[in-house]
Protein chains: 2
Amino acid sequence: MTAPPPIPARRGATVHSLSRLAGVSVSTVSRALKDDPRIAPATRRRIADLAREAGYMPNVLARSLSGGQSGLIGLVNGPMQNPFYAELLAEAVNQAAERGQRLLILHAGTGPIEDRTSEALLHYRVDGCLVASAELSSRAAAICAERGVPLVMVNRVARLHASAVSCDNEAGGRDVAKFLLAGGHRRPALVLGTVGVSTSDGRERAFIARLAEAGLRLALRLHGHSTYEGGHAAGTAIAALPAGERPDAVFVLNDIMAMGLLDAVREAGLRVPEDLSVVGFDDVPAAARRCYGLTTLAQPLGTMVRRGLDLLAARIADPALPDESVTLRGQLVVRHSARLPDPARAG
Amino acid sequence: MTAPPPIPARRGATVHSLSRLAGVSVSTVSRALKDDPRIAPATRRRIADLAREAGYMPNVLARSLSGGQSGLIGLVNGPMQNPFYAELLAEAVNQAAERGQRLLILHAGTGPIEDRTSEALLHYRVDGCLVASAELSSRAAAICAERGVPLVMVNRVARLHASAVSCDNEAGGRDVAKFLLAGGHRRPALVLGTVGVSTSDGRERAFIARLAEAGLRLALRLHGHSTYEGGHAAGTAIAALPAGERPDAVFVLNDIMAMGLLDAVREAGLRVPEDLSVVGFDDVPAAARRCYGLTTLAQPLGTMVRRGLDLLAARIADPALPDESVTLRGQLVVRHSARLPDPARAG
DNA sequence: TTGAAAGCGTTACCAA
DNA sequence: TTGGTAACGCTTTCAA
């Protein structure tokens, strides 16, 4: 009868077990593992080999406990039914991974954030947090500031205790107005999303201001939820207007609503852009599909995320850095949901 | 000259600082904070108050170091351009939050998973991991098994060292075949997504088997990337076929491709469903939009995620539990992208 | 009902 | 170039 085989170490290798195997101290192991130049190359290699064989996996939780960073970036995201947020998430995940950081999703949805959620941000000691949706409560933001957890708003205007990166909403609103005016539209309407979204203000203000310069006023101003359904409802309402009162162009403040609106007005029998021009904002991938062909103001999402992570990284390295806002210029992508400028007139 | 005000504790309250404030030991604080019945109610309340005032935030990293769980669930997700994965993510985030767990996103994209990514799973000591996309390398899976990290495949068939929850792909394929046959289609085609996706096999096999029972064979079998563009390319190819060789129905194995295919065949001038019936799989939200009106086999995504988290929770509690596969029945959602069964014939 | 102390895995400072 | 040791914040066992 043979002795039973030794039970393999269930809990994996640690710097401790490696130090015993290598016959060196834990500090040497720790240093060797992070390629500290002070460790003799031979020792370093030996430990690296041992670590590989043993299937050593550093415990980042322990590492961050010991003064370091967690490598965790929090993300407070908007509703994933909106492809803009889906894309934002994808960008953030991939770009963070390139920097050796991981995304902890704190929220992905509409509506206010539960207290439990905003606290998780602190519980998990994220190194920083990207906020792309419904405002974090000011209390949560204040706690983050107090604790030195940098916050960066993405596609949201700056707030107290947070940096921000967003599209130049004023320029965007103005560009859309200019484009619509050049197209000869005389009865422009505006469709806004969920109230209280900070980016809407700039877009609306600049849009209206530019119209005013041309002596025009808004023919209609509607509010809806920032969803496909919200846009659909707005479109149905517009299509139901008597022809004389109907706007000849609509600026919809985000693409997901613009798509809903487009479907609704077409269902109602209106032709786009002959009867109604539609312009969106965001340039989500689906906007390019033939069944939408949406003219829209593209946000430079990849760059926004990159700059957001940059701001975060800088503040993680030096928490004393002041809040900073960066504004990126978007670009009008012309497709066929809006009447094109008359060459004769524009010429 | 006044003494400078004391610098506030920069690093937040800890069980230690609270114990000093309350004049009790750290163990008492620790216990009081988790409502241990052994602590006198008065003490408990006093400590709770102190904790609130001090803005105490437990450090879950430290907690999990000390033998507990991290509360972190890993997610290896597919490309977010596919609304199916966006929805899956949203479900997972919200349902995990209800269970007091947070999602660590390890991957969100197409293509193989980098080693760094799959290792992060171990580095962060996730309690378990949901895998919804491209296979984790077998090596990673083996390590997880060895380390006792439960894995649950979602919308993927079971693999070694992992539980799984998926839609009944066989039943789904059969249901679609039955529906198409009842609609009088005689030249059915199949469009598959990215090769090697484990769920495709069952759908295809059952679809073909049911056709065979009716004496029919596949008129065409195409492969593409599981993207809108992949579907679009397939649609273009089908529309380019001479009318005599063209299939009269296509079963597209996922909705994102079905939408691309739908747009492509319509662009090419075909009428759906008069010239071609299209049936998808998944039932993503956009499938219901008027411009698609896609008949598709709906996956019970909410339930799939729920059962997935259940499987995980059970294995976190008892790592000795054997792997388990759960199969959920999907449901055909009939819209107007496919010719309806002839009532007389279906009689 | 409460306290003391060990331990979780790492890092970093101070010696050697 | 390497080792010892004290944190980091929390939980838990064992005593009292």
Side-chain angles (χ1 to χ4, degrees), chain A residues 9-48 50-51 54-72 119 122-127 147-148, chain B residues 9-48 50-51 54-72 119 122-127 147-148:
Chain A
R10 198 69 196 65
R11 311 194 57 73
T14 69
V15 278
H16 249 90
S17 68
L18 290 180
S19 83
R20 212 165 315 134
L21 280 156
V24 299
S25 74
V26 286
S27 6
T28 301
V29 173
S30 173
R31 288 193 274 248
L33 257 17
K34 44 177 30 96
D35 285 327
D36 189 312
R38 294 177 303 180
I39 301 296
T43 318
R44 218 189 301 172
R45 209 169 19 252
R46 194 159 51 89
I47 295 180
L50 242 34
Y56 170 74
M57 290 286 157
N59 185 332
V60 300
L61 306 187
R63 178 177 296 172
S64 60
L65 223 207
S66 173
Q69 265 122 31
S70 66
L72 250 25
E119 280 171 3
L122 279 330
H123 293 342
Y124 281 93
R125 299 301 194 261
V126 299
D127 294 337
R147 291 289 215 285
Chain B
R10 197 68 197 64
R11 310 194 56 75
T14 70
V15 279
H16 249 88
S17 68
L18 290 180
S19 83
R20 211 163 318 134
L21 252 48
V24 298
S25 73
V26 288
S27 10
T28 301
V29 172
S30 172
R31 289 193 271 249
L33 256 18
K34 43 175 33 94
D35 285 329
D36 188 312
R38 291 177 305 181
I39 300 296
T43 318
R44 217 188 306 174
R45 207 169 18 253
R46 194 159 51 90
I47 294 180
L50 244 32
Y56 170 75
M57 290 285 156
N59 184 332
V60 301
L61 306 186
R63 177 178 297 169
S64 57
L65 223 208
S66 172
Q69 268 122 29
S70 66
L72 249 25
E119 280 170 3
L122 279 330
H123 293 342
Y124 281 94
R125 300 298 194 263
V126 299
D127 293 338
R147 292 288 214 285

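Order of the sequence lines fixes the chain letters, A, B, ..., with proteins taken first and strands second; residue numbering starts at 1 for each chain. Just so it is clear, the model here is predicted, and its values are computed rather than measured.
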Contact list please: residues 30-46 of chain A against DNA chain C, heavy atoms, distance less than 4.0 Å, in numerical order. A:Ser30, A:Arg31, A:Lys34

Distance below 4.0 Å between A:Arg63 side-chain N/O and C:dT11 OP1 or OP2: yes

For B:Ala54, which residues count as a side-chain contact (heavy atoms from CB on, under 4.5 Å) partner, sequence neighbours excluded? B:Ala13, B:Leu18

Among C:dT10, C:dG9, D:dT5, which is the nearest nucleotide to the side chain of A:Tyr56? C:dT10

Answer with yes or no whether A:Ser66 presents, from its side chain, a donor or acceptor under 3.5 Å of a partner atom in the base of C:dA12. no

Can you sort out the partners of B:His123 under side-chain contact (heavy atoms from CB on, under 4.5 Å), two or more places apart, ordered by chain and number? A:Met57, A:Pro58, A:Val60, B:Glu119

Round to a whole Å and report the spacing from CZ of A:Arg125 to C1' of D:dC8. 11 Å

Pick the nucleotide of DNA chain D nearest each of B:His16 and A:Val29; which residue has the one closer to the 5' end? A:Val29

Rounding to a whole Å, what distance do you find between A:Leu61:CG and C:dT10:P? 10 Å

Atom CG of B:Leu65 and atom P of D:dT11 are separated, to the nearest Å, by 11 Å

Can you name the closest pair of heavy atoms from B:Arg38 and B:Asp36 and give their distance? N-OD1, 2.8 Å

Mind checking B:Val60 for me? I need base, sugar-phosphate or nothing, with any heavy atom below 4.0 Å counting as a touch. nothing

Distance check needed: C:dT2 P versus B:Arg20 CZ, whole Å only. 19 Å

Considering only heavy side-chain atoms of A:Thr14, the closest of C:dG9, D:dT11, C:dA12 is C:dG9

Ignoring hydrogens, what is the shortest heavy-atom contact between A:Tyr124 and B:Leu61? Give both atom names and the distance. O-CD1, 3.9 Å

B:Pro58, nearest nucleotide to its side chain (from D:dC10, D:dG4, C:dG9): D:dC10

Starting the side chain at C-beta, find the nucleotide from D:dT11, D:dT2, C:dA4 nearest to A:Thr28. D:dT2

When rounded to whole Å, the CE to P distance for the pair B:Met57 and D:dC10 reads 12 Å

Report the C-alpha separation of A:Leu72 and A:Arg125 in whole Å, then their side-chain angles, then the decisive distance to 0.1 Å, and conclude whether the side-chain contact (heavy atoms from CB on, under 4.5 Å) test is met. CA-CA 8 Å; A:Leu72 250 25; A:Arg125 299 301 194 261; over 6 Å; no

Taking only residues at least two apart or on different chains, which pairs with a member in residues 59-70 of chain B satisfy side chain to side chain donor-acceptor pair (under 3.5 Å)? B:Ser70-B:Asp127

Look at the side-chain N and O atoms of B:Tyr124 and state whether any lies under 4.0 Å from the OP1 or OP2 oxygen of C:dG9. no

Rounded to 10 degrees, the angle between the two terminal axes of the helix from C:dT1-D:dA16 to C:dA16-D:dT1, each from five pairs: 40°

Mind listing the side-chain donor-acceptor pairs of residues 27-34 of chain A below 3.5 Å, one per line with the distance, residues two or more places apart or on another chain?
unit_1  : atom_1 : unit_2  : atom_2 : d
A:Ser27 : OG     : A:Ser25 : OG     : 3.3
A:Thr28 : OG1    : A:Ser25 : OG     : 3.1

side-chain contact (heavy atoms from CB on, under 4.5 Å) against B:Arg20, all qualifying residues, sequence neighbours excluded: B:His16

